[in-house]
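Notes for the one structure printed next.
Nothing here was measured: the structure is a model prediction, and the numbers come from that model.
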Amino acid sequence: MTRHEKPTVEELGLDPAAQRWKRSGVGDEAIEVAFADADGERWVLMRLAGDPAAPVHVFNRHEWECFVDGAKRGEFDDAG
């Protein structure tokens with residue numbers, strides 16, 4: 001893996017089942033996030049609560065901060 005490629009949970013050596021997931025709400029459409037340290041960095045993992053076997057999205061600190069900032073400013077309010 002080159003440094004500009006985004007790693008997967010497998011490449012980071014993280015087991016999704018071993019993480020402490022936090023839910024955004026109730027129901028199967030809720031998002032779950034977990035914070036994990038691997039490869040000398042802090043990572044944010046995200047998945048759909050109703051399907052824990054679905055792919056886990058991996059964000060580095062900068063990507064996560066940009067996402068949270070966009071959500072706070074209403075950037076995703078019209079999504080869907």
Side-chain angles (χ1 to χ4, degrees):
M1 171 178 74
T2 61
R3 212 53 191 151
H4 66 278
E5 293 176 358
K6 185 180 295 237
T8 64
V9 288
E10 294 82 13
E11 290 170 338
L12 290 172
L14 297 171
D15 176 9
Q19 304 307 311
R20 292 188 68 181
W21 293 95
K22 298 179 182 183
R23 277 181 168 250
S24 66
V26 296
D28 288 345
E29 297 299 316
I31 298 296
E32 293 181 318
V33 296
F35 300 89
D37 296 314
D39 197 28
E41 292 186 49
R42 184 83 162 161
W43 300 94
V44 181
L45 312 178
M46 181 189 292
R47 69 181 183 184
L48 185 61
D51 189 1
V56 175
H57 302 280
V58 178
F59 298 91
N60 65 30
R61 181 181 180 143
H62 176 73
E63 292 169 326
W64 184 249
E65 288 172 354
C66 289
F67 172 78
V68 170
D69 181 59
K72 286 179 181 177
R73 290 184 296 113
E75 189 174 320
F76 311 111
D77 290 354
D78 293 330

Main-chain N/O of Ala17 paired to Asp15 side chain as donor or acceptor, under 3.5 Å: yes

Heavy-atom side-chain proximity of Trp43 to Asn60 below 4.5 angstrom: yes

Results of salt bridge (charged side-chain N to carboxylate O under 4.0 Å, His left out) for Arg73 - residues two or more places apart only: Asp69, Glu75

Let me have the donor-acceptor pairs involving side chains of residues 23-30, under 3.5 Å, with sequence neighbours excluded, atom names and distances please.
from  : atom 1 : to    : atom 2 : distance (Å)
Arg23 : NH1    : Gly27 : O      : 3.1
Ser24 : OG     : Ile31 : N      : 2.9
Ser24 : OG     : Ile31 : O      : 3.2

Spacing of CH2 belonging to Trp21 relative to CZ belonging to Phe35, to within rounding of 0.5 Å: 10.5 Å

Short side-chain to backbone donor-acceptor contact, Gln19 and Pro16, under 3.5 Å: no

Separation of Leu12 CG from Leu45 CG (nearest 0.5 Å): 8.0 Å

Phe67: partners by side chain to side chain contact (heavy atoms under 4.5 Å, CB included), with sequence neighbours left out: Met46, Trp64, Phe76

Pairs flagged by salt bridge (charged side-chain N to carboxylate O under 4.0 Å, His left out) wherever residues 46-68 is involved - sequence neighbours left out: Lys6-Glu63, Glu32-Arg47, Arg61-Glu65

